[in-house]
Amino acid sequence: MALTLRGFDIYKEFLDRTAQEKLADTVRDVVRKAPLFRPDTPYGKPMSVRMTAAGIYGWYADKKGYRYVKAHPNGRPWPAIPEEVLEIWDRATGLARKPECCLVNYYAPDARMGLHQDRDEADFNWPVVSVSLGDDALFRIGNITRGGKTESIWLQSGDVVVMGGAARLTYHGVDRIKPDTSTLLPKGGRINLTLRVVK
Ligand code: SIN
Ligand code: FE2
């Protein structure tokens with residue numbers, strides 16, 4: 001069963017260790033085909049996470065703003081979303097509609113992600129599903145407008161969060177990673193996958 005925090009459904013240990021290991025291998029395969037890159041924010045400051053994507057669309061940021069694009073910065077189309085990732089979406093949401101983007105974020109020990117809304121998608125009726133692998137992350141959840149009180153929860157390897165319904169536009173972010181809290185990724189750090197319906 002999920003625990004709910006500010007409208008986000010949090011499934012602890014949604015993936016067991018075997019499933020996490022398999023998924024980490026699958027993500028490495030995606031990263032081999034579509035190498036991680038560090039986007040620039042529109043303010044000119046590079047993001048601290050490195051990212052890539054699978055699916056028809058990948059998310060991209062530069063001086064021109066945030067948007068979904070059909071190709072990796074190297075010009076090639078993004079690899080397909082792996083079947084095992086689509087199964088997580090099915091299991092977590094029960095929706096027949098499939099995501100069109102699996103964003104892959106890699107957090108080195110010093111990476112973080114400021115409070116933000118996921119709002120570059122066309123239809124906010126579809127949820128965003130997040131999957132955590134590797135080191136623990138302090139995940140902060142705010143409100144549907146900027147500011148106000150927030151609450152935080154540690155996300156661990158194998159945890160899944162469904163950000164949907166009335167909380168679809170709730171601000172969220174990652175304050176910090178706790179290094180060496182997981183043995184899943186040989187080089188440490190954290191991988192977060194977010195699955196989105198884009199159009
Ligand atoms: C995101 O909001 O895109 C990532 C959230 C996370 O890393 O848990
Ligand atoms: Fe987000």
Side-chain angles (χ1 to χ4, degrees), residues 2-3 5-15 20 23-24 27 30-31 36-39 41-42 46-55 57-61 65-68 81 85 88-89 92 99-124 126-146 150-165 167-179 181-182 184-185 188-198:
L3 73 97
L5 190 58
R6 295 184 166 238
F8 285 4
D9 294 326
I10 299 168
Y11 297 87
K12 299 298 290 179
E13 293 179 77
F14 192 86
L15 302 176
Q20 292 170 39
L23 183 56
V27 172
V30 167
V31 169
L36 292 165
F37 58 93
R38 192 188 301 273
T41 61
M47 294 181 71
S48 62
V49 300
R50 291 192 295 149
M51 59 176 65
T52 188
Y57 298 100
W59 187 84
Y60 191 69
Y66 304 118
R67 62 198 179 275
Y68 283 97
I81 301 180
V85 173
I88 296 171
W89 169 273
E100 295 147 340
C101 172
C102 171
L103 187 66
V104 178
N105 286 320
Y106 177 72
Y107 295 76
D110 59 350
R112 55 184 301 281
M113 190 175 291
L115 276 177
H116 66 277
Q117 293 173 301
D118 288 6
R119 55 174 314 140
D120 301 316
E121 302 74 27
D123 184 348
F124 302 134
W126 303 109
V128 172
V129 172
S130 123
V131 185
S132 294
L133 292 173
D135 286 339
D136 298 357
L138 189 57
F139 184 63
R140 184 179 293 277
I141 309 173
N143 304 286
I144 54 176
T145 52
R146 197 172 266 292
T150 65
E151 285 174 275
S152 298
I153 182 170
W154 284 98
L155 294 181
Q156 275 140 340
S157 198
D159 293 353
V160 164
V161 182
V162 179
M163 303 181 268
R168 175 61 179 76
L169 289 174
T170 293
Y171 277 83
H172 57 278
V174 172
D175 287 357
R176 63 192 165 92
I177 300 305
K178 200 171 197 178
T181 44
S182 165
L184 187 75
L185 307 175
R190 171 175 185 260
I191 293 168
N192 177 264
L193 307 180
T194 45
L195 305 176
R196 300 114 184 273
V197 172
V198 173

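Order of listing sets the numbers, starting from 1, for every ligand and every atom in it.
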Query raised in the report: Nearest to the Fe ion (ligand 2), which N, O or S atom of H116 do we find?
Result: NE2
Report summary line: Numbered in order shown, the ligand 1 atoms found under 4.0 Å of a heavy atom of R196 are 3 (O)
Requested in this report: Mark up the atoms of ligand 1 that fall under 4.0 Å of a heavy atom belonging to R190, in ascending order.
Outcome: 6 (C), 7 (O), 8 (O)
Query raised in the report: Purely on distance, is any nitrogen or oxygen of N192 under 3.5 Å from one on ligand 1?
Result: yes
Query raised in the report: Are the side chains of V174 and V49 in touch, meaning some heavy atoms are under 4.5 Å apart?
Result: no
Query raised in the report: With no hydrogens and no angle check, do the side chains of S130 and N192 hold a donor and an acceptor under 3.5 Å apart?
Result: yes
Report task. For V174, take its heavy atoms, then give the atoms of ligand 1 lying under 4.0 Å from any of them. Result -> 6 (C), 7 (O), 8 (O)
Query raised in the report: So which protein heavy atom does atom 7 (O) of ligand 1 come closest to, and at what separation?
Result: Y107 OH, 2.5 Å
Query - Residue pair N105 / R190, side-chain donor-acceptor N/O under 3.5 Å - result: no
Query raised in the report: So, is S130 polar-close to ligand 1, with some N/O to N/O distance under 3.5 Å?
Result: no
Query raised in the report: Can you list the atoms of ligand 1 that are under 4.0 Å from a heavy atom of N105?
Result: 3 (O), 4 (C)
Query raised in the report: Taking C-beta and beyond as the side chain, do L3 and I153 meet within less than 4.5 Å on heavy atoms?
Result: yes
Query - For the Fe ion (ligand 2): the N/O/S atom of D118 at shortest distance - result: OD1
Requested in this report: Hey, can you tell me if H172 and F8 have their rings parallel, tilted or perpendicular (30° and 60° cut-offs)?
Outcome: perpendicular
Query raised in the report: Just wondering, do R140 and Y171 contact through their side chains at under 4.5 Å, heavy atoms?
Result: no
Requested in this report: Check for a donor-acceptor pair, side chain of T181 on one end and backbone N or O of D136 on the other, with a separation under 3.5 Å.
Outcome: yes
Requested in this report: Please state whether the rings of Y60 and F37 are parallel, tilted or perpendicular, taking 30° and 60° as the class boundaries.
Outcome: tilted
Report summary line: A student checking ligand 1 against H116 at a 4.0 Å heavy-atom cut-off should list atoms 1 (C), 2 (O), 3 (O)
Query raised in the report: Taking only heavy atoms of H172, which atoms of ligand 1 are found under 4.0 Å from at least one of them?
Result: 2 (O)
